[in-house]
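Sequence lines set the chain letters: A, B, ... in the order given, protein chains first and strands last, and positions in each chain run from 1.
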Amino acid sequence: MDGITLEMKRTTAIRVAVIAGVFSLIVAGFMFVNYSRRLSVEPGMEKQLEDMKNVFRDHPDNQKLAGEIRQFDLEIRNRRMRWLAFSGKGAVLLLCGLGVFVGCLKYAGGLGGVKPVVEGETTDGVGQERRTILSRRFVWGGFAVLLLLGVLIGFKPSVEYVAEDTWEQFLAGWPTFRGPDGSGVSKHKDVSLEFDGESGTGVLWKSPVPMDGMNSPVLWGDFVFLSGGDEKKLQVYCYDAKTGKPVWTRDVESMLPEGAEVEPMEDTGFSAPTLAVDGKRVYAIFATGDVVAFDFSGKKVWAKFLGVPDSVYGYASSLAMYKKLLIIQYDQGADDDNLSKLYALDGFSGQPVWQINRPVANSWTSPVVVDVEGKSQIITCAKPFAISYDAGTGAELWRVECEAEDIAPSSVYAGGLVFVIKPNDEVMAIKRGGRGDVTKSHIAWKNDEVDVPDICSPVSDGEFLYILSSDGVLTCIDFKGGKVVWDKDLDEMFQSSPSIVGGKLVMISEKGNLIVAETGLNYKEISRSKLGERCFASPAFADGRMYIRGNKNLYCIGKKD
Amino acid sequence: MIRRLTGFASIAFAVVVFACPALLGAVNVPPPEFEGDYVLPKTEVPGPRENLLEYVDVSVLVLALSLSVYFVYHKRCRKGVFLLMMVSLVYFGFYRKGCICSIGAIGNVSLSLFENGYVIPFLALLFFVLPLVFTLFFGRTFCGCVCPLGALQDLVLLRPMKVARPVESVLRLLAYVYLGAAVWFAATGSAFIICRYDPFIGFFRRSGSINMIVFGACFLLVGVFVGRPYCRFLCPYGVILRQLSRLSKRKVTITPDECVKCRLCEGSCPFGAIETPTAEWPGETYRVNKKLLGVLILLLPVIAAVGVWAGGFVSGSASRVDARVRLADRIFMEDAGTVEGTIDASLAFRASGAKVEDLYSDADAIKAKFKTGGFFFGGFVALVIGLKLILLSIRFKREDYIASRAGCLACGRCYSYCPREHVRLGNVASANGGGDL
Ligand code: SF4
């Protein structure tokens with residue numbers, strides 16, 4: 001070892017440093033090439049994948065494309081993994097190389113010795129004083145810079161949150177089919193119910209509706225919303241509630257895949273589902289499976305395609321809302337096809353908040369969102385179950401096996417009972433508070449000796465239940481025991497559901513005759529008014545006003561201010 | 001030759017260091033959008049380190065701290081210090097991947113002090129406390145010998161340059177701002193910014209966001225010329241250690257016995273921690289400084305009040321560090337229509353079905369905490385600045401060359417520059433040569 005001089009050690013260290021440095025540069029070079037190659041290739045592939053996904057979104061039934069997307073996605077992932085493995089190994093080599101390089105250089109430097117530098121005077125008083133003054137100035141400067149930065153950063157005002165809660169307003173209005181809870185009971189008591197559509201007496205305004213549709217009007221503030229459509233065109237309409245002037249009309253671009261056909265029955269049409277409105281946006285769904293949201297200025301906020309519905313008569317369930325969630329009962333196929341779903345979409349974005357598979361067949365009922373002992377439930381009816389879900393989470397709460405094929409009347413909730421109709425068969429009341437399958441435990445009563453409706457939903461004032469069959473038999477049922485109190489043949493055909501306004505029953509026949517009758521122990525007709533055109537939709541009620549959709553026009557019934 | 005080589009090496013090193021970010025950056029691979037039977041595995045959070053291994057970590061820390069005292073005070077050996085530093089770098093840096101670390105533990109400690117529901121892990125507490133205790137007795141041997149962040153910077157220090165004292169004075173304020181902000185954000189339960197913005201963690205883990213690796217690479221590049229820039233100008237733990245080492249029982253001395261004022265050590269410290277003897281003040285200067293000192297002492301409450309105001313003013317914006325506040329802002333702006341579209345976080349929130357009112361009230365509560373914290377933060381920073389100005393107006397008398405109590409990192413570089421050290425070693429013949437590992 002004696003032969004190894006300091007100089008030799010230093011030279012060796014420098015040589016090793018040079019080798020390690022060159023090695024590190026080569027490794028870094030390789031990694032850089034690998035990285036830049038990835039940068040040049042990957043974005044293009046990702047864009048291609050995104051494009052494929054976008055096409056798929058419009059054609060969700062294209063299984064070939066789905067397979068190609070999966071394969072391509074896998075290829076991109078494999079590439080990324082290879083790149084990661086390469087750069088991971090490279091990083092270790094690079095760090096080792098750099099470590100040796102720096103270590104050797106330091107060793108060589110240390111051995112060579114850095115010569116001490118001795119300059120100027122030992123105690124340079126002036127220099128020290130100058131440095132101190134400068135230091136103080138710099139610190140003041142630093143303080144000023146920090147303050148300036150603070151002011152610049154802090155200048156962006158903090159957001160003052162105002163949670164716009166339109167739920168109370170929702171509950172007080174008529175924003176969905178048969179009102180906010182689907183009960184058909186208006187909170188506005190003083191509503192004009194007598195008019196003559198032909199002479200215009202009692203009609204505040206009448207406005208033509210461009211396209212046919214079975215859906216009923218929904219209201220928010222100064223607006224009335226409707227939809228219409230046929231196999232060629234789908235539309236959403238917004239009217240000025242005061243004047244009846246159309247505010248906007250929007251075409252809805254269907255996302256129905258090419259070649260797919262939707263053929264609803266003529267009685268159902270393409271726009272049977274009633275719209276929903278939440279104070280910010282109006283939502284519409286059509287028989288094609290297209291769902292769309294517009295803001296009040298008519299700007300499309302989002303659109304979604306739920307897939308071609310497998311519905312015998314054409315999709316007809318109306319939309320419901322729970323706070324900011326749009327509730328869609330999308331029942332399809334047979335009950336064991338596992339096709340039916342209940343969706344809760346975020347109203348703002350259209351993104352599903354939750355979605356639940358339903359073990360039911362296609363149906364034409366609408367979900368109702370009701371408050372049961374302070375908790376909101378969504379009650380649905382379709383063969384073979386009436387099912388209730390927690391409105392916030394979609395968790396199933398209870399179910400009753402009670403339904404048959406071809407069901408259209410929706411359920412209503414009043415006074416702690418859920419009233420459900422098995423078309424042309426029986427009407428029943430289900431007690432609240434059940435959990436799980438309550439078929440055996442929670443049915444309060446059943447009545448199969450009445451004229452049970454097959455289209456119109458029931459209505460209840462909390463004392464009696466009123467059901468209206470398509471051929472015009474109105475039956476009043478004892479709320480608690482389920483016994484018939486009275487029945488009355490109205491000599492009309494009905495498709496729209498009865499309502500209760502200010503303690504009066506309001507029914508509008510297919511011919512467009514609006515019958516107002518007293519609720520209570522005896523039937524007593526108060527008035528009959530003629531719309532002058534056929535009517536299949538249920539009216540909407542606001543303070544002092546009633547909105548009726550005839551098959552050609554939208555009417556506003558009320559007294560002039 | 002060696003100077004030329006180190007010059008070339010610095011440039012080559014810079015190239016490699018700047019290439020690193022592109023090479024080390026991790027890729028986020030989004031989860032596949034599978035449909036079908038495949039169930040996405042749940043995200044797994046790694047469990048705490050096994051008890052036994054935790055004890056190993058603490059034992060290594062205690063051993064390293066003890067050895068640092070041995071090398072710095074007993075052996076006065078730079079090579080030993082350097083070796084210990086490298087072992088710590090490998091163990092705490094590359095093996096333990098920079099976690100747990102005493103600097104990051106500031107966040108845990110702050111949160112545990114201000115948030116009742118949070119119990120600080122015992123290991124984090126020990127990592128926070130042990131270096132403080134050692135500093136109280138032996139000065140900043142943790143910084144010089146054990147801290148992996150310091151070790152990494154020390155390793156790349158190839159061409160040390162002097163930082164002018166005024167510049168150093170102002171840059172050092174940044175560390176106080178960083179410490180204040182770190183405590184502020186951790187105490188509100190919003191973010192552990194020290195960990196999040198650890199510039200070297202990407203190198204230890206060989207992965208990380210591109211931004212952070214660029215940040216770290218910049219520090220290392222500056223560190224080629226400026227001794228330990230992170231430790232001196234940013235490290236929040238260093239701020240605490242600085243103050244404690246002022247009180248330390250033992251302190252690093254350049255000379256083993258007496259200072260002969262040969263001035264050989266004057267330029268040896270790459271961290272500007274050697275304090276030179278002071279000259280007598282001329283009478284006029286003395287009077288001016290005395291007056292200034294009085295004014296500054298009177299101004300101190302005013303400076304602090306300005307800081308308190310500024311802290312409160314900045315708190316609204318600072319609260320956006322908190323993810324929940326950011327989310328609430330975003331949701332609010334989306335709903336108000338002041339921004340277009342959605343982002344992943346807002347979509348996820350909307351898809352969760354959670355109540356926006358709850359989000360807003362959470363965000364408001366966090367903002368209120370930020371406001372209170374902002375007052376303290378602003379007051380703290382302003383007070384530090386005020387005291388710094390006062391300290392700069394006091395004349396400390398020194399007759400010898402000494403290692404600054406607060407600034408000395410106990411790296412042991414200056415020992416071999418002192419001729420008295422060579423006398424101690426019985427090595428007088430080579431007394432003019434220094435070592436600079
Ligand atoms: S030991 Fe000497 S060289 Fe090292 S930091 Fe302290 S004063 Fe500077």
Side-chain angles (χ1 to χ4, degrees), chain A residues 14 17 21 24-25 28 31-32 35 73 77 80 84 87-88 90-92 98 102 105-106 108-110 112-114 116-118 122-125 128-129 131-132 134-136 138-139 141-143 146-147 150-151 153-154 156-159 161 163-164 325 346 348-349 351-354 392-393, chain B residues 2 5-6 9 12 16 19 22-24 27 29 32 155-156 158 165-167 169-170 173 177 206 261 263-268 276-280 285 310 313-314 316-317 328-329 332 334-335 342 347 350-351 353 356-357 360 363-364 367 381 385 388-389 392-393 417 433-437:
Chain A
I14 290 170
S24 303
L25 277 175
M31 291 173 76
F32 197 76
Y35 179 72
D73 185 71
R77 279 167 204 284
R80 269 191 203 151
L84 267 183
S87 60
V92 173
L98 282 176
V102 175
L105 271 189
K106 286 183 87 76
V114 177
V117 186
V118 181
T122 314
T123 46
D124 173 12
Q128 281 174 357
E129 176 61 9
R131 278 196 295 275
T132 308
L134 257 184
S135 295
R136 266 200 308 257
F138 271 55
V139 171
F143 187 40
L146 283 176
L147 277 180
V151 169
I153 295 170
K156 198 175 169 200
S158 178
V159 176
Y161 310 115
E164 237 188 294
L325 303 180
D346 169 44
F348 181 88
S349 62
Q351 292 294 317
V353 173
W354 51 259
T393 62
Chain B
I2 193 80
L5 195 72
T6 45
V16 174
L23 315 170
L24 300 183
V27 187
V29 184
L155 186 66
V156 299
L158 296 172
R165 192 137 291 200
V167 177
S169 301
V170 71
L173 293 177
V177 176
R206 295 179 300 288
K261 297 188 192 65
R263 301 180 60 198
L264 290 173
C265 67
E266 211 174 65
S268 65
T276 52
T278 48
E280 265 313 310
T285 316
F313 186 71
V314 90
S317 299
D329 285 9
F332 180 78
E334 283 179 6
D335 284 346
T342 50
L347 263 187
R350 292 175 186 284
V356 76
E357 293 82 0
Y360 288 168
D364 277 332
K367 282 183 177 179
V381 172
I385 290 173
K388 177 95 196 158
L389 287 167
L392 281 171
S393 308
Y417 284 78
D436 187 40
L437 268 176

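When heavy atoms are compared at a cutoff of 4.5 Å, B:Leu155 approaches chain A by way of both its backbone and its side chain. Looking at A:Leu325, there are no atoms closer than 4.5 Å to chain B (heavy atoms on both sides), in backbone or side chain. Interface remark: B:Ile385 contributes backbone and side-chain atoms alike to the contact with chain A (heavy atom separation under 4.5 Å). For B:Tyr360, the parts sitting under 4.5 Å from any heavy atom of chain A are the backbone and the side chain alike. When heavy atoms are compared at a cutoff of 4.5 Å, B:Val381 approaches chain A solely by way of its side chain, counted from C-beta outward.
Within the 4.5 Å cutoff, the side chain of B:Phe313 has no heavy atoms near those of the A:Ile153 side chain. Side-chain contact between B:Arg263 and B:Tyr417 is absent, with no heavy-atom pair separated by less than 4.5 Å.
The choice from B:Ser169, B:Gly316, B:Ser317 that makes the most heavy-atom pairs within less than 4.5 Å of chain A is B:Ser317. Heavy-atom pairs under 4.5 Å with chain A peak, among B:Glu357, B:Lys388, B:Lys367, at B:Lys367. Comparing B:Val177, B:Asp364, B:Leu173 by how many heavy-atom pairs each has under 4.5 Å with chain A, the most go to B:Asp364.
Distance check, rounded to the nearest 0.5 Å: CG of A:Leu134 to CZ of B:Arg165 gives 13.0 Å. For the atom pair B:Leu392 CG and A:Ser135 OG, the distance stands at 5.5 Å (nearest 0.5 Å). One distance of note links CG of B:Leu347 with CZ of A:Phe348; it measures 9.0 Å at 0.5 Å rounding.
Side chain to side chain, B:Thr342 and B:Arg350 fail the donor-acceptor criterion of an N or O pair below 3.5 Å.
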